[in-house]
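Report on the following structure.
What you see is a predicted model; the values in this text were computed from it and never measured. Below, chains carry the letters A, B, ... as their sequence lines are ordered, and counting in each starts from 1. All values below come from the heavy atoms of this structure, side chains included, with hydrogens, waters and symmetry mates left out.
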There are 2 protein chains.
Amino acid sequence: VAHLVSSGGAPPPRPKSPDLPNAPSPQTAAPPEAPRSPPATAGSGSAAPAKTVEARASFSRPTFLQLSPGGLRRADDHAGRAVQSPPDTGRRLPWSTGYAEVINAGKSRHNEDQACCEVVYVEGRRSVSGAPREPSQGQGLCFYYWGLFDGHAGGGAAEMAARLLHRHIREQLKDLVEILQDPSPPPLCLPSTPGAPGSSDSSHLVGPQSCWSSQKEVTHESLVVGAIENAFQFMDEQMARERRGHQVEGGCCALVVVYLLGKVYVANAGDSRAIIVRNGEIIPMSREFTPETERQRLQLLGFLKPELLGGEFTHLEFPRRIQPKELGQRMLYRDQNMTGWAYKKIELEDLRFPLVCGEGKKARVMATIGVTRGLGDHNLKVCSSTLPIKPFLSCFPEVRVYDLTQYEHCPDDVLVLGTDGLWDVTSDCEVAATVDRVLSAYEPNDPSRYKALAQALVLGARGTPRDRGWRLPNNKLGSGDDISVFVIPLGGPGSYS
Amino acid sequence: VAHLVSSGGAPPPRPKSPDLPNAPSPQTAAPPEAPRSPPATAGSGSAAPAKTVEARASFSRPTFLQLSPGGLRRADDHAGRAVQSPPDTGRRLPWSTGYAEVINAGKSRHNEDQACCEVVYVEGRRSVSGAPREPSQGQGLCFYYWGLFDGHAGGGAAEMAARLLHRHIREQLKDLVEILQDPSPPPLCLPSTPGAPGSSDSSHLVGPQSCWSSQKEVTHESLVVGAIENAFQFMDEQMARERRGHQVEGGCCALVVVYLLGKVYVANAGDSRAIIVRNGEIIPMSREFTPETERQRLQLLGFLKPELLGGEFTHLEFPRRIQPKELGQRMLYRDQNMTGWAYKKIELEDLRFPLVCGEGKKARVMATIGVTRGLGDHNLKVCSSTLPIKPFLSCFPEVRVYDLTQYEHCPDDVLVLGTDGLWDVTSDCEVAATVDRVLSAYEPNDPSRYKALAQALVLGARGTPRDRGWRLPNNKLGSGDDISVFVIPLGGPGSYS
């Protein structure tokens with residue numbers, strides 16, 4: 001993502017990032033005894049194997065790309081910008097997911113996008129108690145997971161998120177394994193000791209009869225949403241804790257899909273985007289969080305906590321920079337309560353730089369960053385200042401839910417995830433047209449069609465070198481940013497649910 | 001609006017409310033020289049004439065109802081609940097607008113809804129300078145105005161808003177009279193003295209060439225939105241200033257429509273609702289602001305300014321009240337960042353009352369009020385406490401814009417405004433069905449059809465007395481609240497634009 005005004009030089013070499021505390025042994029593949037049908041294709045982790053630690057220290061790509069040292073060099077070549085996809089010879093990604101990526105045209109030393117695609121098994125926290133269970137209860141849950149992470153100001157945060165965010169989600173879901181498999185409404189209150197045998201039996205619950213007022217009904221779905229939200233927060237906190245010891249530099253947007261128990265959860269924090277293309281129709285599954293879309297939230301925070309502005313910024317927005325000589329004149333402005341504009345007399349403190357300024361891709365918070373949600377950025381300071389920007393950034397995603405069981409999907413129905421490199425130059429409608437064009441050229445049961453589609457989308461956003469730049473067929477400039485795309489078929493997963 | 005847990009006894013008698021400062025002489029009727037076609041029907045103010053001051057002190061209804069003392073008594077009768085509409089003998093409301101209202105079933109002494117329908121002429125601030133103008137520039141602007149005000153905890157705020165809010169809007173628009181009639185983009189900066197001759201001529205403007213950065217384009221439409229937003233704020237501030245001297249008790253929701261230069265602006269602060277029914281299709285023109293819809297805004301404020309919670313409330317939401325004996329157990333919760341739910345260990349401060357609790361019509365902020373936006377409420381305290389609630393309430397409306405020129409409207413296309421008394425028991429679809437049923441029973445050019453429709457909507461929400469209550473034909477309970485409805489035809493105003 002090309003968001004930092006001052007991104008500085010090449011990032012320093014990074015040591016191997018730490019693992020998630022309390023989760024040293026990854027359990028990312030579904031065990032054979034999992035009650036839900038295990039996938040025909042195994043998940044492939046994004047963490048590089050130990051022997052490539054040296055390479056990872058300066059540059060890593062998702063392991064499912066299975067890049068050789070030579071392939072890694074080609075993927076890192078800003079001049080060729082070769083589109084990368086998993087090889088046909090290896091194991092397919094779950095659900096025959098298509099993936100393609102390309103490096104930027106030179107704006108940063110390496111590709112700062114990262115990706116992850118996993119099948120994650122969640123073991124219930126209390127299954128270790130050894131208490132006998134009914135077989136129908138099962139012992140765990142399986143979720144499918146896709147993540148795109150668009151880094152800025154260094155690749156460390158994106159790499160760490162790609163390696164660990166799904167484990168934080170697993171951690172949050174551990175408490176819910178039995179609850180989510182029980183059709184009755186979730187208990188509002190649980191005993192204090194999670195490990196106690198039978199502790200979530202309804203007979204042990206604090207019943208509503210002990211309350212003086214009515215109680216809210218909480219759905220299973222909203223528990224999963226809460227788990228994903230908190231996982232983002234724990235991921236961000238881990239980055240904050242470990243930023244010094246491990247040099248987790250920069251930050252990243254995160255766009256994550258979790259498929260669990262028949263529902264697709266799309267969580268977005270940043271300016272990546274997800275859309276479903278279903279029978280030609282476009283269903284937006286995310287929205288972008290930028291200084292423009294989050295202006296009122298940012299201004300409210302600056303208004304309520306003026307110390308965060310450090311006397312350098314004003315929480316008001318003006319349509320352009322004010323000149324000192326304009327003091328006393330009347331200028332258009334907007335505050336945290338307004339969507340319209342009005343005139344105000346210019347006072348001395350209005351000459352401060354506005355907290356939010358600029359338009360479109362040039363919009364910035366504190367003249368520095370162009371996205372307002374994501375992970376990391378704990379060291380980010382205002383240019384030429386010691387003022388921290390992080391308080392204005394939110395690590396919380398917006399989560400949208402799509403019930404896969406409410407519609408009979410065909411093989412041409414897909415969920416498309418892309419970093420802003422795709423969407424900066426490609427509209428939703430153009431993506432839908434490409435979906436139609438590419439998929440109709442393949443047999444419906446050809447699993448390679450989704451990879452071909454991902455490649456076509458990346459190529460269509462990158463363009464070809466012409467007239468000293470990367471250009472699209474219409475001669476407009478292609479994206480010079482890192483571009484990464486997942487194409488997730490929705491007609492396939494029926495066999496997994 | 002039935003939102004206050006503790007509404008107390010009958011309100012004290014109120015003196016005549018004050019006028020808007022600096023606007024002593026109302027100019028609400030379009031003068032003959034107005035450049036835009038003046039309406040065939042004159043506007044009718046909501047303020048009662050001077051001779052009924054005594055009646056108004058305890059109870060007033062919109063003057064366009066032209067109620068006699070006997071009629072006023074019948075309108076105030078909780079047992080009969082007669083539907084009130086403007087008489088056929090008087091002047092029609094602008095655009096042949098239909099209006100109907102009915103008093104509540106006894107929840108408050110008087111009908112705390114108020115309404116206003118006006119044609120407002122806005123004279124430019126600088127027309128007094130005497131500088132010659134081109135005739136095409138005109139001298140002022142005319143806007144059409146409809147307002148519904150749903151009071152709570154007394155009728156003072158609603159009455160004051162009905163009498164003055166449109167004048168605040170006029171005040172805010174005065175600076176914009178010439179700018180809005182000039183097709184070029186609005187100037188970003190104006191000289192300091194509004195009264196200076198020719199001061200808004202572009203030759204006197206601070207041009208963009210003096211700026212170091214690009215400038216944002218601001219539309220005429222967003223200036224009108226900003227004017228309405230600020231008018232709400234000035235109205236609220238006036239209530240705060242005058243609450244002691246004039247006993248402006250209570251607060252009110254405000255739903256306001258402004259028609260200006262071809263566009264309909266719908267501004268809503270509270271839980272009234274506006275929908276357009278166009279060719280049978282429903283277009284929502286507002287959303288409701290309640291503790292549930294604004295939970296995250298309220299929680300964020302409580303989190304950032306914990307002193308506003310006074311040690312009595314927690315900003316966290318729980319699905320039910322926590323018992324002290326549950327300390328240490330794990331309970332579902334949501335904070336300001338979450339839309340889903342998660343479990344947390346119950347600590348001592350979680351035993352405080354939640355800032356937001358309850359569901360639907362029973363949802364409350366600080367256990368007291370069920371709407372989160374509106375005017376007034378400056379004296380409102382938490383029940384049995386001195387803690388003020390106002391900081392959590394916002395006076396700012398959400399403004400939606402509908403361009404009347406983008407569609408050829410027929411006489412059956414209407415904008416329906418209703419207080420929550422209507423919407424609590426009537427869905428959007430039921431309203432659309434009533435629109436179709438009633439309007440098709442009248443000739444398209446019969447101006448009384450919109451009044452008949454407003455009456456049908458109020459009657460349909462009130463029901464008839466049966467089984468010791470007001471019941472709908474399906475035997476469900478009708479609304480016991482005050483009910484007020486405007487029906488604004490969209491096919492008619494073409495002649496005014």
Side-chain angles (χ1 to χ4, degrees), chain A residues 172 175 186-192 194 206 208 210-218 221-230 233 297 300-301 304-305 317-323 325-326 328-332 334 337-343 345-346 357-359 362 394-396 398-399, chain B residues 172 175 186-192 194 206 208 210-218 221-230 233 297 300-301 304-305 317-323 325-326 328-332 334 337-343 345-346 357-359 362 394-396 398-399:
Chain A
Q172 295 300 311
D175 277 341
L188 304 184
C189 192
L190 296 172
S192 50
V206 177
S210 59
C211 308
W212 58 262
S213 72
S214 69
Q215 60 182 41
K216 239 174 189 164
E217 200 167 299
V218 174
E221 179 180 307
S222 69
L223 292 189
V224 178
V225 172
I228 295 172
E229 290 171 329
N230 277 341
Q233 186 176 26
R297 174 179 77 77
L300 178 64
L301 184 54
L304 292 174
K305 297 270 188 189
E317 184 191 15
F318 300 100
R320 64 165 171 79
R321 186 74 192 266
I322 303 174
Q323 303 288 305
K325 66 181 179 190
E326 294 173 322
Q329 298 188 10
R330 287 177 309 141
M331 183 92 177
L332 286 174
R334 292 197 285 194
N337 296 306
M338 301 167 70
T339 60
W341 296 85
Y343 292 99
K345 191 176 165 185
I346 299 170
C357 71
E359 277 186 294
K362 291 181 178 170
S394 168
C395 66
F396 279 88
E398 182 187 79
V399 186
Chain B
Q172 294 300 311
D175 277 341
L188 304 184
C189 192
L190 295 173
S192 51
V206 178
S210 60
C211 308
W212 57 262
S213 71
S214 67
Q215 60 182 41
K216 238 174 190 165
E217 200 167 298
V218 173
E221 180 180 307
S222 69
L223 292 189
V224 178
V225 171
I228 294 171
E229 289 171 330
N230 277 342
Q233 186 176 26
R297 174 178 78 76
L300 178 64
L301 185 55
L304 293 174
K305 297 271 190 189
E317 184 191 14
F318 300 100
R320 64 164 171 79
R321 186 74 192 266
I322 302 174
Q323 303 287 308
K325 66 181 179 189
E326 294 173 322
Q329 298 187 10
R330 288 176 309 141
M331 183 92 175
L332 286 175
R334 290 197 286 193
N337 297 304
M338 300 167 71
T339 60
W341 295 85
Y343 291 99
K345 191 175 165 184
I346 299 169
C357 71
E359 276 186 295
K362 291 182 178 171
S394 169
C395 67
F396 279 88
E398 182 188 77
V399 185

For A/Glu217, does the CD atom have more than 12 heavy-atom neighbours from other residues, nucleotides or ligands under 6.0 Å away?
no
Checking heavy atoms, do the side chain of B/Arg297, its backbone, both or neither come under 4.5 Å from chain A?
neither
So, the part of A/Ile228 with a heavy atom under 4.5 Å from chain B: the answer is neither
Minimum heavy-atom distance B/Asp175-A/Arg330, with the two atoms named:
OD2-NH1, 3.4 Å
Less than 4.5 Å to any heavy atom of chain B: does that hold for the side chain of A/Lys345, its backbone, both, or neither?
neither
Give me the atom names and distance for the closest heavy-atom approach of A/Asn230 to B/Met338.
ND2-CE, 3.9 Å
Walk me through it: do B/Glu229 and A/Asn337 pass the test side chain to side chain contact (heavy atoms under 4.5 Å, CB included)?
CA-CA 8 Å; B/Glu229 289 171 330; A/Asn337 296 306; over 6 Å; no
Of the listed residues (A/Gly226, A/Gly358, A/Pro319, A/Cys395), which shares the most heavy-atom pairs with chain B below a 4.5 Å separation?
A/Pro319
Go through it in stages, so that I can follow the logic: the residues are B/Leu301 and A/Leu300, the test is side chain to side chain contact (heavy atoms under 4.5 Å, CB included), and I'd like the CA-CA distance, side-chain angles, deciding distance and then a yes or no.
CA-CA 9 Å; B/Leu301 185 55; A/Leu300 178 64; 5.8 Å; no
Over all atoms of both residues, closest heavy-atom pair of A/Tyr343 and B/Pro186:
OH-CB, 4.2 Å
Note: B/Gln329 and A/Leu190 closest approach over all heavy atoms is CB-O, 3.3 Å
Honestly, the part of A/Glu317 sitting under 4.5 Å from a heavy atom of chain B is side chain
Could you go step by step and tell me if B/Cys189 and A/Ile346 meet the side chain to side chain contact (heavy atoms under 4.5 Å, CB included) rule?
CA-CA 9 Å; B/Cys189 192; A/Ile346 299 170; 4.2 Å; yes
Any chance you could lay out the side chain to side chain contact (heavy atoms under 4.5 Å, CB included) test for B/Leu332 and A/Lys216, step after step, and finish with the verdict?
CA-CA 10 Å; B/Leu332 286 175; A/Lys216 239 174 189 164; over 6 Å; no
Between chain A and each of B/Val225, B/Val399, B/Val218, count heavy-atom pairs under 4.5 Å; write down the option with the most.
B/Val218
